[in-house]
Amino acid sequence: MTILEAAARLRARQVSSRELTQQCLEQIERHNPALNAFLVITTEQALAAADQADRELAAGVPRSLLHGIPIGLKDVFCTKGIPTTAGSKLFTGHVPDYDSAVTEKLAEAGAVLVGKTHMHELAYGVTSSNPHFGAVRNPWDPNCVPGGSSGGSGAAVASAMCYMAMGSDTGGSIRIPAAFCNTVGLKPTFGRVSRRGVMPLDFSLDHMGPLTRSVRDAALCLDVLAGQDPLDDSSSAEAVDPYLPAESVSLKGIRIGVPDNFYFDGVDPAVQASVRKMVQLAAGLGADVEVIQVPDIQAMNTTARVILLSEAASVMERFLDRREEIGEEVRIMLDQGRFIPATDYINAQRVRRVFRAQFAELFRKIDVIFTPSTPTAAQPIGQKTVRIGDRDEDFRLATTRFLRAINLLGYPALSMPCGFDARKMPLGLQIIAPPFAERRMLDVAAALEDATDFHHQVPPLMKQ
Amino acid sequence: MPNWKQIAQARNLPMTPEEIDRAAVVLDDLEAAFAPLRELAPFDSEPAVSFSVGREGGAQ
């Protein structure tokens, strides 16, 4: 069931928030020991919040479409009185005395928090194989990673432990678990959703957004989350649109750009075929498909990595003498950041403007871009390289290859289900839009979702 | 390429020689990839991070 369906049933008094919450808590009890998707489960608070939602809904005062809906928060979102560790031993015992802006907005909307989702250590990686608190496992194949860094959020939504879970995305960390777990993952424009009260990784690359089981669910979450926050310097004053697509969406006149450089090089044939089919589907639904040349994405990824390493090192430098409390993979990247000269960081931020200008020019003739989310589906836990064609590639670099540059731009992007590979592992389509064009991007995605049934497929463990 | 070991020593980074060697592989690649990009931005361009001062004089 999606949030939209659950909200309709709540309003029709066919189900209560307590029942929805209990169902999610039962799913957590059943599957969390194997999947490790949640670090903290807030059973008592959740049931109390559900009862309050039921009272308010019975009185006919729905706060939003999320009112009474069970949700999860990645463990980077500060929660008053509930541990928040960013999946790191460094923050063991950290119980904030304040909520993040996202936590506040979701509570005001009446959402019911069932727990904090597990993640890659410090949100700095793509596997969610956490050296301190164990690996998160993919509901589609527990031997595989769910992606990361918001892996617990992807696994929790895919296995019906909650209806939505928030993620953070610095170089793909919402879109990767979305693609690997057959969920929708939405990374809004930089500044669209407040970062206040979120444990940072990179000041100028971090984006906050939801993972859900449908495009419209992601849209209605953005309706709750979007808006200017005067306490977040990077928050945008740009007007907020109504994001929820209509019941029926036309693609007539929408101009879809499909790159003929970079994005289809070195990808699994199943990924290539699935994304091409979505392009054909969009054309069949009335969209105008245009072959485009994208700017140098590899150069953009390089520039983004200079910024990533530098900013992450600056955030975490104060902890780097506690080396034994940081996993090796993350520690190496934090160390690397300390070698980058300040001039390189500043030049990377200057070069960033050049690429943004190039993309702004590109978007004069198209509305959205279609690309694969990742070159392959999820890979086995512990595997550091991935074989694509006749090449072995570093798994982290391969998995972020199509995503990281979009964080450099700050543009909105989403990943939505688009098929399965030969192992029956999910694949994702990435849709990229220009700044603050989330509504158009969500409309396109909703039209495709309405014409496919990938999002209705559930992991094998849900059928047991 | 920069001498990463000397940089680590000069900055007193608490890294073992093995850790520096592992970091150096990535840093060499990144240095080679970023070198041609350094001059991509026009001479007078500003970095894409903002700093402004509000009426009350505080940084915003």
Side-chain angles (χ1 to χ4, degrees), chain A residues 190-191 202-205 230-235 295-296 298-311 313 317 320-323 328-329 331-358 394 396-397 408-410, chain B:
Chain A
F190 188 77
D202 272 59
F203 303 114
S204 72
L205 296 170
L231 300 177
D232 174 358
D233 285 353
S234 64
S235 178
D296 187 345
Q298 198 57 55
M300 293 172 71
N301 286 339
T302 296
T303 305
R305 286 180 63 212
V306 171
I307 295 170
L308 170 77
L309 290 168
S310 307
E311 292 187 0
E317 191 168 39
L320 281 176
D321 55 347
R322 294 163 61 183
R323 300 179 73 74
E328 185 185 24
E329 178 197 352
R331 195 177 66 232
I332 288 171
M333 288 191 290
L334 291 172
D335 283 339
Q336 287 162 358
R338 302 171 94 189
F339 286 89
I340 294 175
T343 47
D344 275 2
Y345 172 74
I346 294 167
N347 279 327
Q349 291 286 11
R350 295 170 75 210
V351 170
R352 189 176 193 174
R353 286 193 190 273
V354 174
F355 292 124
R356 285 178 57 178
Q358 291 173 356
D394 176 273
R396 185 172 60 87
L397 295 180
L408 186 75
L409 295 170
Chain B
M1 288 296 160
N3 186 325
W4 306 114
K5 279 189 180 158
Q6 283 185 356
I7 293 172
Q9 206 168 16
R11 293 203 56 202
N12 203 22
L13 300 182
M15 297 170 69
T16 65
E18 294 75 27
E19 287 174 330
I20 296 170
D21 285 342
R22 267 180 301 185
V25 175
V26 173
L27 291 166
D28 281 345
D29 286 349
L30 196 60
E31 168 67 22
F34 190 63
L37 303 179
R38 285 193 181 99
E39 293 180 20
L40 210 57
F43 174 72
D44 58 350
S45 67
E46 297 269 336
V49 283
S50 63
F51 172 78
S52 62
V53 178
R55 190 174 291 275
E56 74 284 7
Q60 292 191 335

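Letters A, B, ... mirror the listed sequences (proteins, then strands); counts begin at 1. The shown structure was predicted, so the numbers you read here are calculated from the model rather than taken from an experiment.
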Nearest-0.5 Å distance, [atom1] of residue [X] to [atom2] of residue [Y]:
X: A:Gln336; Y: B:Met15; atom1: CD; atom2: CE; value: 8.0 Å
X: B:Glu31; Y: A:Asp344; atom1: CD; atom2: CG; value: 6.0 Å
X: A:Thr302; Y: B:Leu37; atom1: OG1; atom2: CG; value: 6.0 Å

**OP:** Mind ranking B:Leu27, B:Ile7, B:Ile20 by heavy-atom pairs under 4.5 Å with chain A and telling me who comes out on top?
**Re:** B:Leu27
**OP:** Indicate yes or no: at least one non-hydrogen side-chain atom of B:Val49 is less than 4.5 angstrom from one of A:Tyr345.
**Re:** yes
**OP:** Indicate yes or no: at least one non-hydrogen side-chain atom of A:Ile340 is less than 4.5 angstrom from one of B:Leu30.
**Re:** yes
Measure distances from [X] to the heavy atoms of chain B and classify the residue's part below 4.5 Å as side chain, backbone, both or neither.
X: A:Ser204; result: side chain
X: A:Val354; result: side chain
X: A:Ala357; result: neither

Subject >> Carboxylate-amine/guanidinium proximity below 4.0 Å for A:Glu317 and B:Arg11 >> reply: yes
Subject >> A:Arg350 side chain vs B:Arg38 backbone, donor-acceptor pair below 3.5 Å >> reply: no
Contact origin within [X] toward chain A - heavy atom pairs under 4.5 Å:
X: B:Ala8; value: both
X: B:Pro42; value: both
X: B:Glu46; value: both

**OP:** Return the option, out of A:Gln298, A:Arg323, A:Arg356, with the maximum number of heavy-atom pairs under 4.5 Å with chain B.
**Re:** A:Arg323
**OP:** Identify the heavy atoms of B:Pro14 and A:Arg338 that sit nearest to each other, and give their distance.
**Re:**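 Smallest interatomic distance, heavy atoms only, reads CD-NH1, 3.6 Å.
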